[in-house]
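Below you'll find the structure, written out as structure tokens, and then a few comments.
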Amino acid sequence: MDLMSGIASAAMSMKAAQLAQSYDLAVTKKSMETEELALQELTEMLPPSPYNFDVYA
């Protein structure tokens with residue numbers, strides 16, 4: 001029975017690690033979306049620039 005509890009323990013640890021990773025990824029994505037929205041709002045609040053120029057790579 002010791003082998004079965006070891007396998008079950010390993011499976012539980014893997015699932016917990018996957019959950020933590022998924023949670024971290026979701027929080028990071030939400031943070032990036034929030035920052036993108038804030039940047040868009042800031043860009044809209046800025047007055048138009050009197051300087052017009054094209055940049056070619």
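Along the sequence shown, residues are numbered consecutively beginning with 1. Keep in mind that this is a model prediction, so the values were computed, not measured.
- At least one side-chain heavy atom of L25 sits less than 4.5 Å from a side-chain heavy atom of K29.
- With hydrogens and angles disregarded, a donor-acceptor distance shorter than 3.5 Å links the side chain of T28 to the backbone of D24.
- The main-chain N or O of K30 is found under 3.5 Å from a side-chain atom of T34 such that the two form a donor-acceptor pair.
- The line from CD1 of I7 to CE of M12 is 14.5 Å long, rounded to the nearest 0.5 Å.
- Considering only heavy atoms from C-beta on, Q18 comes within 4.5 Å of K15 through its side chain.
- Dense packing is recorded around CD of Q40, with more than 12 heavy atoms of other residues, nucleotides or ligands lying under 6.0 Å away.
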